[in-house]
Amino acid sequence: MTATHHTTVELTKLARVLNRDPADLAFLATLSPAALREFRDQITDLTARREARRMQRVGAAAKLVPAPIAAKITEAAFGPVLAAALAGSVDPARAVAIASALSPSFLADGTLTLDPRRAVELIAQVPGPMAAAVASELISRGDYLTMGNLAGSVPDSVLRAALPHASDLDILQVGYYLEETSAADRLLTIVTDRVPGVIRATHDADEWPKAITLLALLGPTERSKLANVVAAQDDEVIDGLLAAVEQVDAWGTLLPVAAGMAPEPLQRLAQRPAMQNPTLLTKIADLALTQNLWLSLLPLATHLSPTQLHTVAARVATEPDDSLTSLIEQAHTENHWPTLLPVALALSTPDRKRLASLPVMHRPAYLTAAIEATATHSLWPEALPLLNDLPTTTHDTLATTINTLTDNNFREALEAAPTADCTTTLIQIVLRQDVSSRTRSLTLLNESDNLEPFVATITTQDPAIWQAIFDTREETPEPLRTLLTTQATRSDQTDSAST
C-alpha cells in the first residue's frame, strides 16, 4: 500500500517539474518511488546545467542595482519561475534582500519551481517572518506539495515560524509530501505537542492512508513515539486506524511499529476488536513470516490472549523445520526469548514437541539464554511446560544453567512446576547437578511452602527415575525425604522406597 502511495506522491512531484498533469504520467506508475525520484532529480539537474551560464549573467547584473529596484525588475520582467532559477546564482544575503521587497504571493509562486538542493544557503538565511508569510500563502492555496518539498531543507527555526500558520490537518498534508526520513522525523519533533490534534484531525477527515504513508517514512524512534500517541487515543480513533490499515493492506507498515511501542499501548492495540479476528491474525502472522517481519511480530505476541496466540501459533506451525530453525535463530540473536516462549507454548502438543526436537533448541547457548530470559522476566509458567518436550540429552546443560539461578528464581520455578506438570522433569534435571548445587536445590525444595503439592505430582512409573531420587537420599533433607518415600510407594515403586 505505502509503496503505491509513495509512487503517487513521486508522480505528482515529477508532473510539477515537467509542467504536466499527473494523469499524463500514469504509465510510469509501475516504477519504484526511488526510481521516479532519481529521474526527477536528473531532469532538474539537466535544466539547471543548461541555464547555468545565463542565470550567472543575470545574477551578476542584479548586483549592480539596489535591492528594491532589483525586486521591481524581478517581479515585472522575470516572473516567479525565472526568479526561482536565479536564486541559486545570487549571493544569499543579496537574494534575501531582494526577496524582502517582494510580495508573499510572488515568493510563493517562485517556490513552486525552486530546487532546495541549489538554494540551501539562501533558505538558511530566510527570516522567520518571511518564511511564515510564504508558508501561510502556500497553505491557504492548499499547496502541500511545495511545502513538503521545502520542509526538508529549511532550518528548524524556519519551520517553527511557519507551522503555527498550519492547521492540524495541514501538518499531516505537508508530512505526506516530505521526501526524507530525516525531514519527517524533524517535523514530528517540532510539532510534538500538536501530534494528538493531528491524529484526531486525521481520523475526523478520514485521511488515515496519508498518515500511514507518513508513518512508513518516519525513522524507528519517531515512528514508535507516534504509534504510542495513537494508541493513547479514544477507541474509535484506534479502530479507525486499524480499519484503514486493513482496507489499504498496510500491515507491512504497521507491524514494524509494534517492535518499538511501549507495553501498555501495545497491549491496548492487541485488545481491540479487529485484532480478535482469526483471519486477520493469520494474515498478520503470514506477513511476518514471509516478509522478514518475524521480530516485529514477537513483541505484539506477548500481549495476545491465549485464543489469539493459538491462532498465530497455528500459522507458525505450518513452517517447515528449516524455517522454524531460522525463526528461533533470529529470536536468539535479538534476545527475543521472552517474546518467543508464549508463541512456542501456544503450539499444539505435537507441534510443540516438533519444535523441541529441533537441534537448534538443544544448543547450550540457546538453552541457557532461554532459562535466563525465563528467570529475568518471571516466565516460569510459560516456559516450564517446554521442559517435558526436550530430550534428556539436554538435561546436563539445563542442570548447569539452573546452577546459576538465584534462590528466589529457583523458588519461583518450584512454585510453577506443579501447574506446568513438569515436576518429574525438573527433578531429573536437579539430579544431574553437581553435588553442591544439587544439595542447594534439594534444600530450597525442602523449605518450599509448595513442598507437598510438588512431591504429589511426581507420579512417574519409571523405576530409573525413582532409583536416581533415592540414590541421593543422603543429600535429601527431611521432610522431603519422607514425602518422596511415601510418594514412591503410592507410585508402586516399593523397591526404590525400601532401598
Worked check of side chain to side chain donor-acceptor pair (under 3.5 Å) between T443 and R440: CA-CA 5 Å; T443 299; R440 183 194 75 138; over 6 Å; no

Where at least one partner belongs to residues 349-361, residue pairs that pass side chain to side chain donor-acceptor pair (under 3.5 Å), sequence neighbours excluded: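 Passing the test, one end in residues 349-361: D321-R354, S348-D351, R352-D389, K353-D389.
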
Any pair counted as side chain to side chain donor-acceptor pair (under 3.5 Å), so long as it reaches residues 289-303, sequence neighbours left out: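 Every pair satisfying side chain to side chain donor-acceptor pair (under 3.5 Å) with a residue in residues 289-303: there are none.
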
Tell me the closest heavy-atom pair linking [X] and [Y], and the distance in Å.
X	Y	result
T460	S491	O-CB, 4.0 Å
L442	L480	O-CD2, 3.7 Å
P479	L451	CG-CD2, 4.0 Å
L355	A344	CD2-CB, 3.6 Å
R315	A285	CG-CB, 3.8 Å
C422	N388	CB-OD1, 3.4 Å

For residues [X] and [Y], is any side-chain donor paired with an opposing acceptor at under 3.5 Å?
X	Y	value
Q433	S437	no
D471	Q467	yes
D170	Y144	yes
T472	E475	no
W466	Q461	no
N450	S448	no

Is the shortest heavy-atom distance from the side chain of [X] to the side chain of [Y] under 4.5 Å?
X	Y	result
L426	F454	yes
L431	I469	yes
L390	L398	yes
L241	I212	yes
F470	T485	yes
H203	I199	no
V195	L188	yes
P299	M261	no

Test log, rule side-chain contact (heavy atoms from CB on, under 4.5 Å), inputs W337 and L379: CA-CA 10 Å; W337 283 103; L379 295 173; over 6 Å; no

Just by modelled atom types, is the [Y] backbone N or O under 3.5 Å from a matching donor or acceptor in the [X] side chain?
X	Y	result
H377	E372	no
H395	I429	no
T394	P391	yes
R223	L218	yes
Q487	A456	yes
R438	V430	no
T419	A416	no
Q173	L169	no
S326	D322	no
R272	D239	no

Pair M275-L300, side-chain contact (heavy atoms from CB on, under 4.5 Å): steps then yes or no: CA-CA 11 Å; M275 298 298 291; L300 175 64; 3.9 Å; yes

Would the number of heavy atoms belonging to other residues, nucleotides or ligands and lying under 6.0 Å from [atom1] of [X] be above 12?
X	atom1	result
E329	CD	yes
E319	CD	yes
D449	CG	no

Quick one: [atom1] on [X] to [atom2] on [Y], what's the gap to the nearest 0.5 Å?
X	Y	atom1	atom2	result
D249	K283	CG	NZ	4.0 Å
I402	L367	CD1	CG	12.0 Å
N277	T282	CG	OG1	8.5 Å
T374	L405	OG1	CG	9.5 Å
L327	L289	CG	CG	6.0 Å
T253	L293	OG1	CG	9.5 Å

Partner set under side chain to side chain contact (heavy atoms under 4.5 Å, CB included) for P359, not counting sequence neighbours: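 Testing P359 for side chain to side chain contact (heavy atoms under 4.5 Å, CB included), a comparison that skips the adjacent residues, returns none.
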
Trace of the side-chain contact (heavy atoms from CB on, under 4.5 Å) decision for L254 with L242: CA-CA 9 Å; L254 188 63; L242 294 177; 4.0 Å; yes

Presence of salt bridge, R200 and E236, under 4.0 angstrom: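 The answer is yes: the pair qualifies as a salt bridge.
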
Full working for side-chain contact (heavy atoms from CB on, under 4.5 Å) between V198 and V191: CA-CA 9 Å; V198 172; V191 299; 5.5 Å; no

Residue of the set D396, T397, T392 for which side chain to side chain donor-acceptor pair (under 3.5 Å) holds with R432: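 Result: among D396, T397, T392, D396 is the only option passing the side chain to side chain donor-acceptor pair (under 3.5 Å) with R432.
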
